[in-house]
S.K.: 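Sharing a structure with you now.
Both backbone and side-chain heavy atoms feed into the values below; hydrogens, waters and symmetry mates do not.
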Amino acid sequence: MEKNEVEQTLAELAKTADDAVIYKAIGSLLVKAEKAKVTEDLNERKSLLETRSTVIARQEERIKAQVKEAQTKLQEDLSPVSGQPLS
């Protein structure tokens with residue numbers, strides 16, 4: 001969601017003139033800023049968000065694999081006790 005906001009902001013900045021007056025929100029204040037600096041900051045933020053997304057996706061896959069492995073082991077451990085595999 002935040003990545004979409006950053007991308008939309010970058011798209012709008014691309015449409016504005018280089019000498020346009022740009023304001024950046026800092027807390028509850030709006031501060032005048034240079035378009036190039038704001039664009040650079042937003043590109044860095046977008047890159048960071050993409051990296052975080054990739055890391056979280058990898059962690060999710062790793063956890064899914066661990067859960068599947070634990071489930072399989074549990075089913076194998078319980079099979080001799082009950083006489084039939086769990087579904």
S.K.: Quick check: do I63 and E60 have side-chain heavy atoms less than 4.5 Å from each other?
M.R.: no
S.K.: How many angstroms lie between atom CG of L49 and atom CD of E7, to the nearest 0.5 angstrom?
M.R.: 9.5 Å
S.K.: Please collect all side chain to side chain donor-acceptor pair (under 3.5 Å) contacts where either partner lies in residues 63-73, sequence neighbours excluded, each pair once.
M.R.: K73-D77
S.K.: Before accepting this row, confirm whether a basic side-chain N of the pair E12/K15 lies closer than 4.0 Å to the acidic partner's carboxylate O.
M.R.: yes
S.K.: Would you compute the distance between atom CZ of R52 and atom OG of S47 and round it to the nearest 0.5 angstrom?
M.R.: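 Going from CZ on R52 over to OG on S47, the span is 11.0 Å.
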S.K.: Sequence neighbours left out, cut at 3.5 Å: what donor-acceptor pairs do the side chains of residues 22-39 make with other protein atoms?
M.R.:
from : atom 1 : to  : atom 2 : distance (Å)
K24  : NZ     : D41 : OD2    : 2.9
K35  : NZ     : L13 : O      : 2.9
K35  : NZ     : T16 : O      : 2.6
K35  : NZ     : D18 : OD1    : 3.3
K37  : NZ     : D41 : OD1    : 3.2
T39  : OG1    : K35 : O      : 2.8

S.K.: K46 and L42: side-chain contact (heavy atoms from CB on, under 4.5 Å), yes or no, with the steps?
M.R.: CA-CA 6 Å; K46 180 180 171 186; L42 287 170; over 6 Å; no
